[in-house]
Amino acid sequence: MPGERRGAKGQGHVGNRREGEHLNPTEAFKIIGNETRLAILQELLAAKNRPLTFTELRKRVGMRDGSQFNYHLGKLIPNFAERTAEGFHINQAGAQVVRAITAGSFTDNPTIPPFPVDGTCVACGGGLSARYEEELALVNCVDCNLLHYLSVFSPGASSGEHRRRCSRRATDGFERAIFSR
């Protein structure tokens, strides 16, 4: 295949870049910016550390053309997926990409307007207000604006979809930590 050496069947290097060489961000986004490749990574992550054979992975992704599938799988190796004797599996970089995309890190930018929360300001005794903006959860005093709490919080974690996927315990913990101050 043009620009690809040994693809999914070899130990993997793409173009002139060899395994272990640094992948620049533009190249990385070109690789993962394809629906088929993202679907491959999602299926590998869903396999939960169980290697998938080429055929099993292709069927899970729903692609009939084996050579086209091999091309896309080859683009993911070695930067986002790996091949072992047992089959294909996702590596740490691939897992981080899938988690970031499904968490909404690249696609969501929600804002939750200020709302009152229980508690009083330690400086002036005023009421507290919480809000979410620009990936930050904040709790401030409504009178003196003293910041009482600040945390980086994934955009997807503020969505209803994330709450449905999380255990109720984690959601309760978030609400206690952020919104009950």
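Note that the numbering runs from 1 along the sequence shown for the chain. Only a predicted model underlies this, so the values are computations on that prediction, with no experimental measurement involved.
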Check: Per the salt bridge (Lys or Arg N to Asp or Glu O under 4.0 Å) rule, which among Glu43, Glu86, Glu56 passes with Arg50?
Finding: Glu56
Could you grab the distance from atom [atom1] of [X] to atom [atom2] of [Y], nearest 0.5 Å is fine?
X      : Y      : atom1 : atom2 : value
Gln92  : Phe80  : CD    : CZ    : 12.5 Å
Asn34  : Lys75  : CG    : NZ    : 10.0 Å
Tyr149 : Leu136 : OH    : CG    : 11.0 Å

Next item on the list: Start with the C-alpha distance between Leu57 and Leu73, add both sets of side-chain angles, then the distance that settles side chain to side chain contact (heavy atoms under 4.5 Å, CB included), and finish with yes or no.
Entry: CA-CA 10 Å; Leu57 182 55; Leu73 183 56; 4.0 Å; yes
Taking all non-hydrogen atoms of both residues into account, name the closest pair between [X] and [Y] and its distance.
X      : Y      : answer
Ala130 : Val139 : CB-CG2, 4.0 Å
Leu44  : Ala81  : CD1-CB, 3.8 Å
Ile90  : Leu41  : CD1-O, 3.4 Å
Asp143 : Gly127 : OD2-N, 4.1 Å

Would you say the side chain of [Y] lies within less than 4.5 Å of the side chain of [X], judging by non-hydrogen atoms?
X      : Y      : result
Cys144 : Cys124 : yes
Arg37  : Tyr71  : yes
Arg99  : Leu45  : yes

Next item on the list: May I have the step-by-step check of side chain to side chain contact (heavy atoms under 4.5 Å, CB included) for Leu147 and Leu138, ending in yes or no?
Entry: CA-CA 7 Å; Leu147 180 64; Leu138 305 111; 4.0 Å; yes
Check for me, please, whether [X] and [Y] land in the same ILVMFWY cluster - side-chain distances under 4.5 Å, paths through other members count.
X      : Y      : answer
Tyr132 : Phe115 : yes
Phe29  : Val97  : yes
Val117 : Ile112 : yes

Margin query: Can a donor-acceptor pair be found, under 3.5 Å and without considering hydrogens, that links the side chain of Asn91 to the backbone of Pro78?
Written below: yes
Item checked: Test item: Arg83 side-chain N/O and Phe88 main-chain N/O as donor-acceptor pair under 3.5 Å -> no
Item checked: Set of residues satisfying salt bridge (Lys or Arg N to Asp or Glu O under 4.0 Å) with respect to Glu82, sequence neighbours excluded -> none
Next item on the list: Can you establish whether the number of heavy atoms outside Asn49 located under 6.0 Å from its atom CG is more than 12?
Entry: no
Next item on the list: Show your working on side chain to side chain contact (heavy atoms under 4.5 Å, CB included) between His89 and Leu52 and close with a plain yes or no.
Entry: CA-CA 7 Å; His89 61 93; Leu52 299 175; over 6 Å; no
Next item on the list: Determine, stepwise, if the pair His148 / Leu146 fulfils side chain to side chain contact (heavy atoms under 4.5 Å, CB included).
Entry: CA-CA 6 Å; His148 285 258; Leu146 178 68; 3.8 Å; yes
Next item on the list: Start with the C-alpha distance between Asn70 and Arg58, add both sets of side-chain angles, then the distance that settles side-chain hydrogen bond (donor to acceptor under 3.5 Å, both in side chains), and finish with yes or no.
Entry: CA-CA 9 Å; Asn70 186 57; Arg58 184 173 56 85; over 6 Å; no
